[in-house]
Amino acid sequence: MATFFGEVLSVYSRAVEEDEEELDENEEDEEIRRELEEKREVHLHWSPDVSESLKSGNKLQCSDFILAVGHNASRCLSAYVLTSENWDAVGHASVWNERSGAVTGQNSEESACVFYRHKDNPSVLVCQVTCYIAEDQLFQWTEKVFDCLQHRQLNVTVLSDSSVAEYKTADYVCSSSAPFLRSLHTSAFSGQPVCRSLEQPNIVTGLPAAVLNHCEVHRIATVVYQCYSDVIGPDSVTMETFKPALTNLGKSIQFDMSPSTDVLRKFVRTTNIQSNLYI
């Protein structure tokens with residue numbers, strides 16, 4: 001390179017160093033991204049007998065899969081269905097993300113997403129989900145779970161919690177009568193839902209939506225019952241709203257339509273009101 005004074009200087013281009021720095025940064029970013037993806041992976045943990053069967057290439061023979069998403073839906077199954085001794089915990093899913101990773105306590109993953117199988121009728125599988133599953137984990141959770149189930153003659157029922165504030169309607173009387181049920185189902189579903197269909201422009205989101213989409217693509221008979229409630233925490237009235245959906249499953253499972261007060265009290269905790277300004 002020549003200067004204005006005619007002096008010739010031997011210099012090297014900085015482009016090589018900058019390219020190397022960018023390459024190192026890209027490799028570092030890629031490594032961080034890879035580690036984050038591994039950390040956010042959904043893991044299914046099955047009991048030894050189920051794991052052995054799956055490793056042998058056999059899928060779970062399942063005629064009815066009942067999925068409860070949310071605290072009221074899950075506690076409804078606990079109070080009305082799982083109180084009997086006819087159920088075995090056969091597995092759980094562990095999910096880490098920004099919200100579920102902040103959960104403290106022993107066995108938080110196990111208690112947040114558990115699979116139960118009926119002792120007398122092993123083809124009936126129940127799953128309770130109370131943890132948050134991020135958007136990038138929904139497809140993964142659904143694919144992994146349904147990949148373990150045989151699809152032939154499979155019927156799926158989803159019970160889901162939702163806030164009435166998310167319900168869109170011009171009828172104030174309807175929105176003020178919470179809690180209430182609405183339903184959506186796949187084209188393969190031939191039964192009769194126990195409540196009205198979810199009106200437009202309302203939509204189903206989260207895990208229920210992921211399951212519904214998956215089952216529509218794979219032509220699995222599925223119905224989603226979404227309960228709109230004005231109560232944030234577990235509530236016995238909201239739990240009872242799911243009872244008609246359970247009645248429809250009477251042939252597949254046995255349930256207690258009138259659990260004792262002690263049983264209900266066990267699954268209904270007082271809503272945390274720390275944010276109340278008057279306390």
Side-chain angles (χ1 to χ4, degrees), residues 33-46 50 54 60 62 65-78 82 89-117 125-149 151 154 156-163 165-167 182-186 198 202-218 220 222-229 232-234 238-239 242 245 267:
R33 190 178 299 110
R34 191 181 304 112
E35 292 178 356
L36 185 59
E37 288 177 356
E38 292 177 356
K39 192 174 184 180
R40 297 176 71 89
E41 185 176 355
V42 176
H43 297 279
L44 298 182
H45 310 273
W46 297 103
V50 174
L54 292 174
L60 291 174
C62 187
F65 179 44
I66 306 164
L67 173 64
V69 183
H71 290 287
N72 278 302
S74 295
R75 281 172 169 77
C76 172
L77 286 183
S78 294
L82 298 176
V90 294
H92 70 272
S94 58
V95 180
W96 182 94
N97 51 58
E98 289 74 9
R99 285 173 59 175
S100 68
V103 177
T104 58
Q106 295 182 346
N107 300 326
S108 57
E109 293 93 348
E110 289 86 343
S111 62
C113 184
V114 187
F115 296 88
Y116 298 91
R117 188 167 60 178
L125 191 69
V126 166
C127 178
Q128 294 175 301
V129 181
T130 56
C131 63
Y132 172 75
I133 301 178
E135 290 185 4
D136 61 314
Q137 297 172 318
L138 294 172
F139 176 81
Q140 185 186 162
W141 189 99
T142 306
E143 284 286 314
K144 287 192 173 185
V145 170
F146 278 88
D147 190 50
C148 297
L149 310 179
H151 292 177
L154 173 63
V156 179
T157 301
V158 182
L159 309 180
S160 174
D161 291 356
S162 187
S163 171
E166 300 176 2
Y167 183 73
R182 289 293 183 268
S183 66
L184 278 179
H185 59 80
T186 62
L198 184 63
N202 294 288
I203 59 174
V204 172
T205 60
L207 187 58
V211 170
L212 193 67
N213 288 335
H214 178 91
C215 293
E216 179 64 39
V217 171
H218 292 83
I220 300 173
T222 303
V223 58
V224 174
Y225 291 109
Q226 187 145 289
C227 180
Y228 289 92
S229 176
I232 299 176
T238 303
M239 288 164 50
F242 287 108
F267 298 108

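Predicted model only: the values in this text are computed from it and were never measured.
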Residues forming a side chain to side chain contact (heavy atoms under 4.5 Å, CB included) with [X], sequence neighbours excluded:
{"X": "Leu212", "answer": "Leu184, Thr186, Thr222, Val224"}
{"X": "Thr157", "answer": "Leu159, Val223, Tyr225, Leu249"}
{"X": "Ala89", "answer": "Val114, Tyr116"}

Could you measure the distance from the [atom1] atom of [X] to the [atom2] atom of [Y]? Nearest 0.5 Å is fine.
{"X": "Thr142", "Y": "Asn213", "atom1": "OG1", "atom2": "CG", "value": "9.0 Å"}
{"X": "Leu77", "Y": "Cys127", "atom1": "CG", "atom2": "SG", "value": "9.5 Å"}
{"X": "Cys227", "Y": "Met239", "atom1": "SG", "atom2": "CE", "value": "11.0 Å"}
{"X": "Cys76", "Y": "Gln128", "atom1": "SG", "atom2": "CD", "value": "10.0 Å"}

If I compare all heavy atoms of [X] with all of [Y], which pair ends up nearest, and what's the gap?
{"X": "Leu54", "Y": "Leu60", "answer": "CD2-N, 4.3 Å"}
{"X": "Val95", "Y": "Tyr132", "answer": "CG1-O, 4.3 Å"}
{"X": "Ile133", "Y": "Asn97", "answer": "CA-ND2, 4.0 Å"}
{"X": "Gln137", "Y": "Trp96", "answer": "NE2-O, 2.6 Å"}
{"X": "Ser160", "Y": "Phe242", "answer": "O-CZ, 3.5 Å"}
{"X": "Arg40", "Y": "Gln140", "answer": "O-NE2, 4.0 Å"}

TODO: Could you label the plane-to-plane angle of the His92 and His45 rings as parallel, tilted or perpendicular, counting under 30° as parallel and over 60° as perpendicular?
DONE: parallel
Kindly say whether [Y] contributes a backbone atom to a donor-acceptor pair with the side chain of [X] at under 3.5 angstrom?
{"X": "Ser78", "Y": "Ser74", "result": "yes"}
{"X": "Lys144", "Y": "Val42", "result": "yes"}
{"X": "Asp161", "Y": "His71", "result": "yes"}

_Phe146-His218 aromatic ring centre distance below 6.0 Å_ = no
* Asked: Would Ile220 and Phe65 satisfy side-chain contact (heavy atoms from CB on, under 4.5 Å), going step by step from the backbone distance to the final call?
  -> CA-CA 11 Å; Ile220 300 173; Phe65 179 44; over 6 Å; no
Exercise. Going through the distances and angles, do Gln226 and Asn202 end up as a side-chain contact (heavy atoms from CB on, under 4.5 Å)?
Worked result: CA-CA 11 Å; Gln226 187 145 289; Asn202 294 288; over 6 Å; no
